[in-house]
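Heads up: numbering here begins at 1 and tracks the sequence. No experiment lies behind these values; they were computed from the predicted model shown. Both ligands and their constituent atoms are indexed starting at 1 by order of listing.
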Amino acid sequence: MLGRTIQDLRAEITEIAESAALAAPPVTVLAACKGQPVSVIEAAIAEGILDFGENKVQEAQGKWPVLRQRHPHVRLHMIGPLQTNKTVAAVELFDVIQTLDRPKLAEALAKAMQESGRSVSCYIQVNTGKEPQKAGVFPEEADALIRYCRERLALPVVGIMGIPPHHQPPAPHFALLRSIALRHGLTELSMGMSEDYRVAIRMGSTCVRIGRALFAEH
Ligand SMILES: *Cc1c(COP(=O)(O)O)cnc(C)c1O
């Protein structure tokens, strides 16, 4: 059911991560499992995947309460755009939110964490290509948002996340994400998907989000 074997993918990632100057091993392999049924996710867990990403709160609410009970060690990441009115549910269900991209959402997350007593690590999503259809704060507004989240709201911001435009070479976008993380002392960099994870790892990714390469249809 799974596409490439996970061992195979891990071996390749380790090799790249150990041979590139900017690489930052160990690199987390996050399985982007939108649209995948519980049975396929169970198979990925059995093969040793510990991190999963969902794009929609509602889909995650349908799949994950049971999975979490069975596999308490697995970490669930929100990797899709998050609506402000879904923050209470998101804080309840996710361990990591990778798509924090605006002050209003930051305020709602801070409130939800305060009220639930749950601390959920956050990545700031940056729209390096300034694509109107894509989520993420624009690069020139990222510094102010990061400072607001950390200093004013005391949110646990741990890293930067981004998705380069489809039609452009990804390396300059990864470099920009990395430079934003570096100047804020943020150690986590979520960048790289099935098409470009090799480049992303060479440029310092600490978390690659892999969908199609793991869950290929046969
Ligand atoms: C679906 C998705 C991925 C995985 O994409 P693939 O190209 O299938 O590897 C990664 N990140 C996000 C935010 C996604 O929505």
Side-chain angles (χ1 to χ4, degrees), residues 1-6 8-10 12-13 16 27-37 40-41 43-45 47 49-64 74-83 86 90 93-102 105 120-138 142 158-171 173-174 176-178 180-181 188-218:
M1 220 177 304
L2 296 180
R4 244 182 110 179
T5 73
I6 286 159
D8 187 32
L9 182 66
R10 278 242 174 78
E12 186 198 18
I13 286 174
I16 300 170
V27 176
T28 297
V29 179
L30 179 154
C33 58
K34 54 177 174 272
Q36 300 298 335
V40 171
I41 296 171
I45 294 171
E47 293 215 39
I49 295 277
L50 289 169
D51 293 84
F52 289 84
E54 289 282 359
N55 288 65
K56 295 196 169 120
V57 172
Q58 207 174 350
E59 183 180 339
Q61 280 174 318
K63 285 150 67 173
W64 281 92
V74 163
R75 288 177 295 268
L76 184 59
H77 302 241
M78 177 61 177
I79 61 172
L82 182 56
Q83 291 168 280
K86 298 268 171 70
L93 190 59
F94 290 90
D95 300 295
V96 182
I97 289 174
Q98 295 205 359
T99 51
L100 172 49
D101 65 354
R102 56 197 192 277
L105 179 59
V120 177
S121 299
C122 298
Y123 289 65
I124 303 293
Q125 183 178 0
V126 182
N127 185 354
T128 54
K130 298 174 91 166
E131 296 171 281
Q133 81 283 9
K134 212 169 257 176
V137 63
F138 283 0
V158 299
I160 300 293
M161 180 270 218
I163 310 166
H166 258 316
H167 50 277
Q168 290 178 24
H173 295 275
F174 293 149
L176 179 52
L177 294 169
R178 180 169 179 273
I180 295 169
E188 304 302 319
L189 262 181
S190 175
M191 53 190 208
M193 315 192 345
S194 295
E195 307 257 285
D196 55 14
Y197 66 88
R198 296 176 185 88
V199 182
I201 294 164
R202 285 192 196 101
M203 307 213 47
S205 175
T206 62
C207 176
V208 289
R209 308 177 311 271
I210 310 291
R212 286 165 298 159
L214 279 177
F215 300 115
E217 304 281 336
H218 291 292

Trainee: For atom 11 (N) of ligand 1, which candidate among Met78, Lys34, Arg209, Gln98 holds the nearest heavy atom?
Mentor: Arg209
Trainee: First locate atom CD1 of Ile49, then atom CD1 of Ile41, and finally report the distance between them rounded to the nearest 0.5 Å.
Mentor: 11.5 Å
Trainee: Around atom 5 (O) of ligand 1, find the nearest protein heavy atom and jot down its residue, atom name and distance.
Mentor: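 Nearest neighbour among protein heavy atoms for atom 5 (O) of ligand 1, to 0.1 Å: Met193 CE, 3.5 Å.
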Trainee: For Lys56, check side chain to side chain contact (heavy atoms under 4.5 Å, CB included) against everything at least two apart and list the hits.
Mentor: Glu59
Trainee: Using a 4.0 Å cutoff against the non-hydrogen atoms of Ile210, which atoms of ligand 1 qualify?
Mentor: 9 (O)
Trainee: What residue and heavy atom of the protein are closest to atom 9 (O) of ligand 1, and at what distance?
Mentor: Ser194 OG, 2.4 Å
Trainee: Roughly how far, to the nearest 0.5 Å, is the CG atom of Asn127 from the CZ atom of Phe138?
Mentor: 5.5 Å
Trainee: Return the CD1 to CG distance between Ile124 and Leu100, rounded to the nearest 0.5 Å.
Mentor: 4.0 Å
Trainee: Is there a donor-acceptor contact under 3.5 Å linking the side chains of Gln125 and Thr99?
Mentor: no
Trainee: In terms of residue, atom name and distance, what is the protein heavy atom nearest to atom 13 (C) of ligand 1?
Mentor: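 Sorting protein heavy atoms by distance from atom 13 (C) of ligand 1 puts Ile79 O, 3.3 Å first.
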Trainee: Check ligand 1 against Arg212 and write out every atom of the ligand that is under 4.0 Å from a heavy-atom position of the residue.
Mentor: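 Those atoms are 6 (P), 7 (O), 8 (O), 9 (O).
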Trainee: I'd like to check which ligand 1 atoms, numbered from 1 as shown, lie under 4.0 Å from a non-hydrogen atom of Ile163.
Mentor: 13 (C)
Trainee: Would you please name every residue forming a ring-ring contact (aromatic ring centres under 6.0 Å, His included) with Phe52, sequence neighbours left out?
Mentor: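 Phe52 satisfies ring-ring contact (aromatic ring centres under 6.0 Å, His included) with Trp64 once adjacent residues are dropped.
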Trainee: Mark up the atoms of ligand 1 that fall under 4.0 Å of a heavy atom belonging to Asn55, in ascending order.
Mentor: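 Taking each heavy atom of Asn55 in turn, ligand 1 has 14 (C), 15 (O) under 4.0 Å.
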